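What follows is one structure encoded as structure tokens, with my remarks underneath.
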Protein chains: 2
Amino acid sequence: MSGQISPRQLEAFHAVVEHGTMTRASQQLNISQPAVSRLLADLAHDLGFALFDRRDGRLVPTQEARFLLPDIRRVLDLLDRISETSRDITQRKAGDLRIACLPGFAISHLPRVVADFLKDRPGVTVTLEPDRPERILEWMVGEQFDFGITDGFDGHPAVEREEIRVRTVCIFPQDSPLARQDVIRPRDLVDQKLIHTRRDSPFFRLLNEAFLADGQSITTFVEARQFTTACEFVAQGVGVSVVSELDAVKYRGQGVEYRPFRPAVPHRLSLVRPIHKQPSMITLEFMECFAESLHPFRQQDE
Amino acid sequence: MSGQISPRQLEAFHAVVEHGTMTRASQQLNISQPAVSRLLADLAHDLGFALFDRRDGRLVPTQEARFLLPDIRRVLDLLDRISETSRDITQRKAGDLRIACLPGFAISHLPRVVADFLKDRPGVTVTLEPDRPERILEWMVGEQFDFGITDGFDGHPAVEREEIRVRTVCIFPQDSPLARQDVIRPRDLVDQKLIHTRRDSPFFRLLNEAFLADGQSITTFVEARQFTTACEFVAQGVGVSVVSELDAVKYRGQGVEYRPFRPAVPHRLSLVRPIHKQPSMITLEFMECFAESLHPFRQQDE
DNA sequence: GCATGTATATAATAAAATGTTATATGATAA
DNA sequence: TTATCATATAACATTTTATTATATACATGC
């Protein structure tokens, strides 16, 4: 005997309530009838009152037993659920995934990848937090997120990163004469109004170098923090820009066309995560999945 | 190892989460440290993923583990609650008690008894359903209530009853000259306006016999179904009545006075319950408690 | 580097819980 | 009555959970 009620006893009790006889309950539990008999005897002894009345052959729970029944059902349900979700976790079907990313990603590439990822993982919940790179770094260091997507990242001892260089392209209004060229170089843009990222951003520095290498210099027309903003401007016919191909494809067909830009000025994305935090299996899997999704846009080294 | 996660493992897991180390968890669980170590190892194996990361000495649950934690807490809480309420039940402190009674009882004697009964039984819940005797009988036969209080009951094979004969008294307005007498007999009421129960009620028949025995006959003035209604009429100075002393005491001091009535016409109450339904301990205890509460009002056999 | 204290893991084994089979008891229906 | 069904009991095997004793890992201070 236990002295403490055991869930096994509750399980047996519940089965008998459901089936009306110990014999049938034992069949359902896949154990012998005496085993059920003992479990119930022990439970009744531990609880201190009778659990069943006989009633023309069937076992009917006493009022006291019925009083406990709802709680007992809840316990058994919960135990079932725990095994079930744990199985889902091992099959990477459940978990919680906290992602911090640049605002541009939250509205373009990422949602599609996340949606795809969630499709066959019904138990997984995702938090998506778009913010500036500085905040993303903070969150990684503070281990408040599992995974981050940022750019212009120099490294940090508490952060593990994988750098991915994404192709960039020159975008321009659909009807621009630039559409007649196969590739676009800085010198093709001298008469164009150029929309570019902030002058203190790493990407601007790279772009500037590319212009200098071609004997040109950038004349600022509009400064936009995000590539998506630049795309919007271009869609309005305001000017041209050099942006990640990721963003460009989203706007193609919305009044925007694009061509490769030479020399290559890759957008240096960083996939980051807290280095001291043991990554959950879901996190690892998502990171792989996300890196995979960027593959078609990767800058091939030349 | 179990192959199936056991609540014992969950308990150990929870204790370690709370205390940060296995050693302290083992102390809290009052078992040895190796026992905890194995429970956790088995649980991790059964679940299929790591439960903890080491982090400068402390054990910090992995993200997967944290994901399960809320459900685990709920299970353990529920198990606790089951043992707790079962303890309350054995100490007659919890349960559900369904009482059907005559409407008069629901507003006079019974509430006080129930309130007293509930005072030191915090977990007990009571349903009180007042209705006519016919319905009360139905409910007993249908086993929809645990306990009933009725009158004029002839017995029924599915109903167990205990008959209690309650003293009746003659009530009259405070300022009535009847107050000068020690006992009141039918002949004292010839000039009074008499309020009595329905002519087809068993109590009316008894009362009528008493009047006949005294050489009088009843002249109807007001017919009231319930004693309490009769009391209200008397309180308004409308007339006099013969009612259960139980009701009379409630109205004494509200403009009503009473004296013993002779010959004795007891009010024949029946405490009933479904004969086939195993009474819960709470029911038995309440029945005893209620019968006890009627003791001071019992008609002594003469 | 080494000793030291603390925390966890492992091994051998004991105790308790949970299962088995075989069989007795008790109630019900033919 | 007999046959049948459901449950209880007894003797015993297996599994789980605990124990003690001991080894290992790891950070800390010297």
Side-chain angles (χ1 to χ4, degrees), chain A residues 1-47 49-62 65 72 75-76 79 82-83 276 278, chain B residues 1-47 49-62 65 72 75-76 79 82-83 276 278:
Chain A
M1 213 184 327
S2 59
Q4 253 290 76
I5 59 172
S6 84
R8 192 69 181 141
Q9 293 168 343
L10 298 183
E11 217 170 328
F13 169 67
H14 186 246
V16 174
V17 170
E18 295 291 287
H19 292 87
T21 82
M22 296 199 190
T23 309
R24 257 176 294 168
S26 71
Q27 288 158 2
Q28 199 238 334
L29 292 172
N30 269 316
I31 58 176
S32 63
Q33 168 269 315
V36 175
S37 176
R38 267 240 322 250
L39 282 171
L40 285 185
D42 290 352
L43 179 60
H45 179 271
D46 291 344
L47 292 179
F49 50 82
L51 297 174
F52 293 100
D53 295 326
R54 310 213 71 84
R55 208 113 166 225
D56 38 70
R58 288 180 63 81
L59 292 171
V60 179
T62 61
I72 291 175
V75 168
L76 298 178
L79 279 173
I82 289 174
S83 339
H276 296 303
Q278 171 86 4
Chain B
M1 213 184 329
S2 59
Q4 253 290 75
I5 59 172
S6 83
R8 192 67 181 142
Q9 294 169 343
L10 298 183
E11 216 170 327
F13 169 67
H14 186 247
V16 174
V17 170
E18 295 290 289
H19 292 86
T21 81
M22 295 198 190
T23 309
R24 257 176 295 169
S26 71
Q27 288 158 3
Q28 198 239 334
L29 292 172
N30 268 318
I31 58 177
S32 63
Q33 167 270 315
V36 175
S37 175
R38 280 244 334 236
L39 282 172
L40 285 186
D42 290 352
L43 179 61
H45 179 272
D46 291 345
L47 291 180
F49 51 82
L51 297 173
F52 294 99
D53 295 325
R54 312 212 70 83
R55 212 116 165 221
D56 36 71
R58 288 180 63 83
L59 291 171
V60 179
T62 61
I72 291 175
V75 168
L76 298 177
L79 280 172
I82 289 174
S83 340
H276 295 304
Q278 170 85 2

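Proteins come first, then strands; the chains are lettered A, B, ... in the order of their sequence lines, and each starts at number 1. What you see below is based on every heavy atom in this structure, not just the backbone, and it leaves out hydrogens, waters and symmetry mates. Here the structure is a predicted model, which is why all the values come from computation and not from measurement.
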Quickly work out the [X] [atom1] to [N] [atom2] distance and round it to whole Å.
X     : N      : atom1 : atom2 : answer
A:L10 : C:dT18 : CG    : C1'   : 15 Å
A:R38 : C:dA16 : CZ    : C1'   : 11 Å
A:L40 : C:dT18 : CG    : C1'   : 14 Å
A:D42 : C:dA16 : CG    : C1'   : 12 Å
B:Q27 : D:dT19 : CD    : C1'   : 16 Å
A:E11 : C:dA17 : CD    : C1'   : 14 Å
A:R58 : C:dA27 : CZ    : C1'   : 16 Å
A:H19 : D:dC5  : NE2   : P     : 18 Å

Q. Taking the nucleotide of DNA chain D with the closest heavy atom to each, which residue, B:N30 or A:V16, is nearer the 5' end?
A. A:V16
Just compare [options] and give me whichever is closest to any side-chain atom of [X].
X     : options               : answer
B:M22 : D:dA10, C:dT8, C:dT18 : C:dT8
A:L59 : D:dT19, C:dT20, D:dT7 : D:dT7
A:L39 : C:dG19, C:dT8, D:dT7  : C:dG19

Do [X] and [Y] have side chains that get closer than 4.5 Å, going by heavy atoms?
X     : Y     : result
B:V36 : B:Q28 : no
B:S26 : B:M22 : no
B:H14 : B:L10 : no
B:L39 : B:F13 : no

Examine [N]: is either OP1 or OP2 under 4.0 Å from a nitrogen or oxygen in the side chain of [X]? Give yes or no.
X     : N      : value
B:S37 : C:dA9  : yes
B:S6  : D:dT16 : no
A:T23 : D:dT7  : yes
B:R8  : D:dA18 : yes
B:T21 : C:dT6  : no
A:S32 : C:dT20 : yes

Q: Return yes if the base of C:dA7 and the side-chain atoms of B:Q33 contain a donor-acceptor N/O pair under 3.5 Å, otherwise no.
A: no
(Q) Tell me the closest heavy-atom pair linking B:L76 and B:E11, and the distance in Å. (A) CD1-CA, 4.0 Å
Q.
Return whichever of B:P34 or B:R24 has its heavy-atom-nearest nucleotide of DNA chain C closer to the 5' end.
A. B:R24
